[in-house]
Asker: 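My questions all concern the structure below.
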Amino acid sequence: MSTPQLVVHRDKELMAQAAAARLITKIVDAQASRGEASVVLTGGRNGNGLLAALAAAPARDAIDWGRLDLWWGDERFLPEGDPERNVTQARDALLDQVPVDPKRVHAMPASDGPWGTDVDAAAESYAAELARAAGPENHGSVPTFDVLMLGVGPDTHVASLFPELPAVRETERTVVGVHGAPKPPPTRVSLTLPAIRSAREVWLLAAGEDKAEAVVIALSGAGEIQAPAAGARGRQRTLWLLDSTAASQLPRSLYPPASP
């Protein structure tokens, strides 16, 4: 797995704009080299801020939206269209404004979908969808995502992998149902660390003073069971995208230059 690199921006608005520009470049490059791209989206204020910045960027039109697969790192297990679902928020922020191929928008199941309220069956179905999309070149049961984005919670959780809970300990399955999450709603669907680590690049987004302690814990040698963000690494690159307040507790020695 790759060693984390940090990029610190002045404020959350600039962080979102810079991350959106970086994502456009990654998608366009992947499409130029392989004909298509695959990205895992994240929700929360930083993930949605990035999507809104992407929607406002003129360069968004450089992306061939019809050749882009979109996945999610986690989802609140709520009815379809619920405003708290990550996919609903992503549609509002970006997806309803660009010509995505609906067949390539891979939303996680809702609680009123074919699996009803059985979150574990819903997780199994998403794992099966990932496995169907994985080709022989992927060497596993998930596609090799070009970029997988994660928000970092104040408790160091990423996706819906919370410290010490069973989901963060999963080593075999790629998607799990989460029961008893410490933040509402308690029932969720989440990629696991093995699935996250299949990505070429993992980007962790954190902005705001309330994220500062989580950032320093995750980057200071904590174990992934106690600090799930510490275990989120990409195959080729792990990039922490921070604003100055989220980075405020980091020693300057942890600011290695990020490679282009």
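We number each residue from 1, following the sequence as shown.
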Asker: Nearest 0.5 Å please: distance from the NZ atom of K183 over to the CG atom of D155.
Answerer: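 Rounded to the nearest 0.5 Å, the NZ-CG separation comes out at 8.0 Å.
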Asker: Atom CG of L191 and atom CG of L130: how far apart are they, to the nearest 0.5 Å?
Answerer: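 So the gap between those two atoms works out to 6.5 Å.
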Asker: Mind checking whether N46 and M15 have side chains closer than 4.5 Å, heavy atoms only?
Answerer: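 A side-chain contact under 4.5 Å exists here.
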Asker: Please check if the side chain of Q226 supplies one atom and the backbone of P163 the other of a donor-acceptor pair under 3.5 Å.
Answerer: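 No; judged by distance alone, with no hydrogens or angles, the pair does not exist.
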Asker: When you check the side-chain N and O atoms of D74 and S160, is any donor under 3.5 Å from an acceptor?
Answerer: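 Short answer, yes.
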Asker: Salt bridge check, R104 against E36: does any charged N sit closer than 4.0 Å to a carboxylate O?
Answerer: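 The answer is yes: the pair qualifies as a salt bridge.
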Asker: Once rounded to the nearest 0.5 Å, what's the spacing between atom OG of S2 and atom CZ of R233?
Answerer: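 Spacing of OG (S2) from CZ (R233) equals 7.0 Å.
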Asker: According to the interplanar angle, ranging from 0 to 90°, do the rings of W71 and H106 count as parallel (below 30°), tilted (30 to 60°) or perpendicular (above 60°)?
Answerer: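 Correct class here is parallel.
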Asker: In Å and rounded to the nearest 0.5 Å, what is the CD1 to CG distance from I27 to D146?
Answerer: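 Answer rounded to 0.5 Å: 8.5 Å.
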Asker: Test of understanding: with salt bridge (charged side-chain N to carboxylate O under 4.0 Å, His left out), list the residues that count as partners of D243, not counting sequence neighbours.
Answerer: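 If we apply the salt bridge (charged side-chain N to carboxylate O under 4.0 Å, His left out) test to D243, skipping adjacent residues, there are no hits.
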Asker: Out of R235, Q236, K26, R22, which one pairs with E201 under the side chain to side chain donor-acceptor pair (under 3.5 Å) rule?
Answerer: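 When side chain to side chain donor-acceptor pair (under 3.5 Å) is applied between E201 and each of R235, Q236, K26, R22, only K26 qualifies.
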Asker: Do T117 side-chain atoms and S111 backbone N/O form a donor-acceptor pair below 3.5 Å?
Answerer: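 No, because the side chain of T117 does not come within donor-acceptor range (under 3.5 Å) of the backbone of S111.
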Asker: To the nearest 0.5 angstrom, please state how far the CG atom of L95 sits from the CH2 atom of W65.
Answerer: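 CH2 of W65 is found 7.5 Å from CG of L95.
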Asker: Spell out, yes or no, whether L78 and V178 are grouped together once hydrophobic residues are joined by side-chain heavy atoms under 4.5 Å, including indirect joins.
Answerer: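 Different hydrophobic clusters.
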Asker: Using distance alone, with no hydrogens and no angle criterion, decide if D64 and Q31 have a side-chain donor and acceptor under 3.5 Å apart.
Answerer: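 There is no such pair (donor and acceptor under 3.5 Å, judged by atom type) between the side chains of D64 and Q31.
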Asker: Is a side-chain donor or acceptor of T156 paired with a backbone partner of A218 at a separation under 3.5 angstrom?
Answerer: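 Between the backbone of A218 and the side chain of T156 there is no qualifying donor-acceptor contact (under 3.5 Å).
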Asker: Roughly how far, to the nearest 0.5 Å, is the CG atom of N86 from the OG1 atom of T88?
Answerer: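 Separation between the atoms: 8.5 Å.
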Asker: Between R173 and E124, is there a salt bridge with N-O shorter than 4.0 Å?
Answerer: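 Looking at E124 and R173, the cut-off is not met.
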Asker: Sub-3.5 Å donor-acceptor pair from the side chain of Q97 to the main-chain atoms of A93, do we have one?
Answerer: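 The answer is yes, because a donor-acceptor pair under 3.5 Å joins these two groups.
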Asker: Which pairs, with at least one residue in residues 206-221 and sequence neighbours excluded, count as a salt bridge (charged side-chain N to carboxylate O under 4.0 Å, His left out)?
Answerer: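 Those involving residues 206-221 are R45-D210.
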